[in-house]
Amino acid sequence: MAQKPALPKGTRDFSPELMARRDFIFNTIKTVFKRYGYQPIETPAMENLSTLLGKYGDEGDKLLFRVLNSGDFLSSVKQGDESLTAEKLSPQISEKGLRYDLTVPFARFVVQYRNELSFPFKRYQIQPVWRADRPQKGRYREFYQCDVDVVGSNSLLNEAELVQMTHDIFDALQIKVIVKINNRKILAGIAEYIGRPDALIDITVAIDKLDKIGIEQVNTELITKGIESEAIEKLQPVLFMEGNSREKLKALDKIIGQTISGSKGLEEMNLLFDFLEIMHLDKIAELDLTLARGLNYYTGAIFEVKALDVPMGSICGGGRYDDLTGVFGMPDVSGVGISFGADRIYDVMQTLNLFPENATASTQVIFLNFGAKEVIYCLPYANQLRQKGLSAEVFPDDAKLKKQMKYADQKHIPLVVMAGETEVAEQKFTLKNMLSGEQLEVAADQLITTILKIQNP
RNA sequence: GUGGUUGUAGCUCAGCUGGUUAGAGCAUCAGAUUGUGGUUCUGAGGGUCGCGGGUUCGAAUCCCGUCUUCCACCCCA
């Protein structure tokens with residue numbers, strides 16, 4: 001019985017054409033990562049739920065894909081008197097989950113191999129992650145992240161380097177971006193200043209929506225979260241703050257300069273912008289106090305990158321986490337990193353038509369098949385081309401020339417080599433340029449040099 | 001998780017207030033062209049109308065459920 005082929009919700013296939021473009025993105029990103037001394041690692045698609053749960057907040061826990069235990073996973077389930085809920089059943093039948101991001105598995109990795117790594121440890125990691133979210137524009141259930149992180153260094157130079165790599169990558173991809181930067185310590189200082197340090201998360205999440213829903217709705221949300229009106233009143237000058245990054249930092253100093261975390265955060269940001277100015281990166285980076293970022297583990301700088309010419313969620317995000325390795329038993333190791341969302345970058349480049357034309361070309365030369373004897377005549381020459389570094393193929397079947405030509409045409413193969421009875425007898429080949437349609441005859445011993453000349457003029 | 005939306009050939013879509021045998025374009029394959037693609041002409045194949053149930057003499061069409069698509073919220077790359 002034939003079944004309809006289909007994919008799980010929110011997942012996609014990638015054809016050769018798509019892969020050529022995706023590889024273009026991955027290669028660009030990788031090249032930059034390596035240029036700054038980062039080394040690749042990979043971790044499994046699955047992690048134990050114990051390493052995943054509780055790292056991303058309640059929302060994140062809900063979005064984790066859980067993997068059922070193998071075998072008769074129900075046999076050991078203990079059912080009490082109370083009714084069975086998914087929440088109670090889940091830990092009994094599932095102990096593994098698909099990774100939700102690359103940062104937490106990396107933290108696990110660092111702790112596990114701490115004695116073999118030399119710090120600061122700089123790694124990059126390009127792998128898919130899974131989230132059981134509802135798919136929509138730019139949001140998938142399986143997508144690739146390209147993470148760069150450095151752990152074991154507190155220096156703000158690392159933050160500056162991440163911004164610089166971000167600049168290099170999007171410059172190479174020709175996407176115009178703005179890097180928004182904020183600092184959790186500043187946010188904490190603000191929460192402290194208005195007298196609600198406990199409500200940091202609620203406050204930042206509400207502020208994060210400022211440019212989306214406006215000041216009044218933000219204030220409404222703060223009220224529903226139980227923030228007193230005097231506190232909201234004290235918050236207003238921060239929300240209305242204007243000027244460039246430096247001016248904002250200066251103005252903030254008057255407001256939260258006295259708070260412990262606030263002053264620390266301001267100090268960090270001033271130093272970071274010093275670096276960015278020296279590196280001439282202050283044009284693409286800006287301080288954005290409304291940037292909150294949900295991931296719970298960030299403690300210092302936070303980043304988000306948005307494409308300027310396309311309305312789309314962030315294509316890149318990251319920040320500093322002072323104690324992510326702490327939960328795995330390795331305290332006081334600070335890390336900072338950023339993650340590039342390859343799939344969203346793809347969507348941005350697709351809408352802006354930024355992919356280079358020749359990204360799909362693969363085979364450079366094809367030998368048509370005129371029959372058994374003729375193929376034997378061609379085979380050594382195809383091999384010689386491959387040894388010279390050209391990609392060459394020989395059509396496997398003795399099909400009609402029309403079909404073989406059509407194959408070459410649709411695969412965008414620029415050069416076709418033909419050898420039938422006549423060519424074999426006269427020890428030559430017929431070369432056809434598929435772009436111009438021109439044909440020329442070449443002596444067999446001249447074939448390789450002629451093709452090389454055409455391919456690398 | 002909440003609200004809305006979509007589903008007809010491989011793809012993009014027509015298909016009227018329910019009424020004979022569900023259509024088009026593109027794509028595929030074959031031929032015109034026995035050693036020549038991208039243009040043209042001719043022909044052919046391809047459908048449980050997402051799936052399940054209901055209403056009806058009769059359902060692609062109306063109703064319910066379910067899955068899927070896309071969108072908004074939540075959250076996020």
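Sequence lines set the chain letters: A, B, ... in the order given, protein chains first and strands last, and positions in each chain run from 1. This is a predicted model, so every value here is computed, not measured.
- For A/Lys432 against B/rU36, a side-chain-to-base donor-acceptor contact under 3.5 Å is present.
- Taking for each of A/Leu63 and A/Lys400 the nucleotide of RNA chain B with the nearest heavy atom, the 5'-most of the two is the partner of A/Lys400.
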Can you tabulate the close N/O pairs, meaning under 3.5 Å, that link protein atoms to atoms of nucleotides 39-45 of chain B?
none

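- The only option from A/Arg141, A/Lys96, A/Glu142, A/Arg131 that meets the side chain to side chain contact (heavy atoms under 4.5 Å, CB included) definition with A/Phe65 turns out to be A/Arg141.
- Between the P atom of B/rU36 and the CG atom of A/Leu431 lies a distance of 18 Å, rounded to the nearest Å.
- Nucleotide B/rG37 holds its C1' atom 11 Å from the CD atom of A/Gln404, rounded to whole Å.
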Quick one: the dot-bracket string of RNA chain B, using Watson-Crick and G-U wobble pairs with both distances under 3.5 Å, [ ] for crossing pairs and | for bases paired to another strand. ((((..(..((((.....[...)))).(((((.......))))).....(((((..]....))))))..))))....
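- Counting any heavy atom pair closer than 4.0 Å across all strands shown, A/Glu423 reaches a base atom.
- Expressed to the nearest 0.5 Å, how far OG of A/Ser391 lies from CZ of A/Arg386 amounts to 9.0 Å.
- For A/Tyr407 and A/Phe395, the distance between ring centers is under 6.0 angstrom.
- Rounded to whole angstrom, the span from the CD1 atom of A/Ile207 across to the C1' atom of B/rC75 amounts to 17 Å.
- Aromatic ring pairs are classed by plane angle as parallel below 30°, tilted from 30° to 60° and perpendicular above 60°; the pair A/Tyr144 and A/Phe26 is tilted.
- Side-chain N/O atoms of A/Asp409 and base N/O atoms of B/rG37 include a donor-acceptor pair closer than 3.5 Å.
- The base of B/rG1 is not paired with the side chain of A/Glu59 by any donor and acceptor separated by under 3.5 Å.
- For the side chain to side chain donor-acceptor pair (under 3.5 Å) test, no residue two or more places apart in sequence or in another chain qualifies with A/Thr28.
- A/Gln164 pairs by the side chain to side chain contact (heavy atoms under 4.5 Å, CB included) definition with A/Tyr36, A/Asp168, A/Met279, A/Leu281, not counting sequence neighbours.
- The base of B/rU2 lies close enough to the side chain of A/Arg134 for a donor and an acceptor atom to sit less than 3.5 Å apart.
- Comparing atom distances between the A/Thr422 side chain and each of B/rC70, B/rG35, B/rU28 picks out B/rG35 as nearest.
- When heavy atoms are screened at a 4.0 angstrom cut-off, A/Gly57 is found touching no nucleic acid atom at all.
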Start with the C-alpha distance between A/Phe370 and A/Leu368, add both sets of side-chain angles, then the distance that settles side-chain contact (heavy atoms from CB on, under 4.5 Å), and finish with yes or no. CA-CA 6 Å; A/Phe370 282 71; A/Leu368 299 196; 3.9 Å; yes
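- Annotation: B/rU2 and B/rA9 have their C1' atoms spaced 36 Å apart (nearest Å).
- Taking 4.0 angstrom as the limit, A/Gln136 places a side-chain polar atom (N or O) nearer than this to OP1 or OP2 of B/rA72.
- In this structure, A/Gly60 reaches neither bases nor backbone, as no heavy-atom distance under 4.0 Å exists between it and the strands shown.
- At a cut-off of 3.5 angstrom, the base of B/rC75 holds at least one donor-acceptor pair with the side chain of A/Arg139.
- In the set B/rG35, B/rA77, B/rU69, B/rU69 carries the atom at the smallest distance from any side-chain atom of A/Lys9.
- The distance from atom OH of A/Tyr140 to atom P of B/rU68 is 17 Å, rounded to the nearest whole Å.
- Between B/rC74 and A/Lys209, a contact under 4.0 Å exists linking OP1 or OP2 to a side-chain N or O.
- Considering only side-chain atoms of A/Pro135, the nucleotide from B/rC70, B/rA30, B/rG35 that sits closest is B/rC70.
- B/rG19 and B/rG7 have their C1' atoms separated by 24 Å, given to the nearest Å.
- A/Asn219 pairs by the side chain to side chain donor-acceptor pair (under 3.5 Å) definition with A/Gln236, not counting sequence neighbours.
- Atom name C1', nucleotides B/rG46 and B/rG52: the rounded distance is 26 Å, in whole Å.
- Comparing B/rU28, B/rG37, B/rA72 by their nearest atom to the side chain of A/Met405 picks out B/rG37.
- Whole-Å rounding puts the A/Gln410 CD to B/rA27 P distance at 10 Å.
- Distance noted for atom C1' between B/rC64 and B/rG25: 36 Å (whole Å).
- Here A/Gly371 lies out of heavy-atom contact (under 4.0 Å) with every strand.
- Side-chain atoms of A/Asn69 come within 3.5 Å of backbone N or O of A/Glu95 as a donor-acceptor pair.
- Look at A/Asp147 and A/Arg123 and you find a salt bridge, because one of the NZ, NE, NH1 or NH2 atoms lies within 4.0 Å of a carboxylate O, short of that distance.
- Separating the C1' atom of B/rC73 from that of B/rU8 is a span of 32 Å, rounded to the nearest Å.
- Distance from the side chain of A/Gln145 is smallest for B/rA77 among the nucleotides B/rU28, B/rA77, B/rA72.
- B/rA77 and B/rG38 have their P atoms separated by 48 Å, with the value rounded to a whole Å.
- Atom-to-atom, OH of A/Tyr100 to C1' of B/rC76 comes out at 6 Å; the value is rounded to the nearest Å.
- With both ends at atom P, the span from B/rG15 to B/rU20 equals 16 Å, rounded to whole Å.
- Between A/Tyr297 and A/Tyr321, the angle of the ring planes goes over 60°, which puts this pair in the perpendicular group of the 30/60° scheme.
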Donor-acceptor pairs are to be reported for all side-chain atoms of residues 170-181 of chain A against protein atoms at under 3.5 Å, with residues two or more places apart or in another chain.
from	atom 1	to	atom 2	distance (Å)
A/Lys180	NZ	A/Asp288	OD2	3.4

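- A donor-acceptor contact under 3.5 angstrom links the side-chain atoms of A/Gln439 to the base of B/rU36.
- If you take atom C1' in B/rU12 and the same atom in B/rU48, they sit 23 Å apart, rounded to whole Å.
- Side-chain nitrogen and oxygen atoms of A/Lys411 include none within less than 4.0 Å of the OP1 or OP2 phosphate oxygen of B/rG37.
- Put simply, A/Phe143 rests on the base of B/rA77: the two rings are less than 5.5 Å apart at their centres and nearly parallel, under 30°.
- Between A/Lys185 atom NZ and A/Ile302 atom CD1 the span is 11.0 Å, to the nearest 0.5 Å.
- Counting heavy atoms from C-beta outward, A/Val424 and A/Lys373 have side chains that stay 4.5 Å or more apart.
- A donor-acceptor contact under 3.5 Å is formed by the side chain of A/Arg344 with the base of B/rC76.
- Residue-to-nucleotide proximity on RNA chain B shows that, of A/Thr11 and A/Lys403, the 5′-proximal contact is made by A/Lys403.
- Nucleic acid contact class of A/Leu435 (heavy atoms, under 4.0 Å, all strands): base.
- Whole-Å rounding puts the A/Lys55 NZ to B/rC76 P distance at 17 Å.
- A/Tyr144 comes within contact range of no nucleotide atom at all, as no heavy-atom separation falls under 4.0 Å.
- Within 4.0 Å of A/Tyr407, counting heavy atoms only, lies no atom of the nucleic acid at all.
- One atom, CD1 of A/Ile366, and another, C1' of B/rU36, lie 13 Å apart when rounded to the nearest Å.
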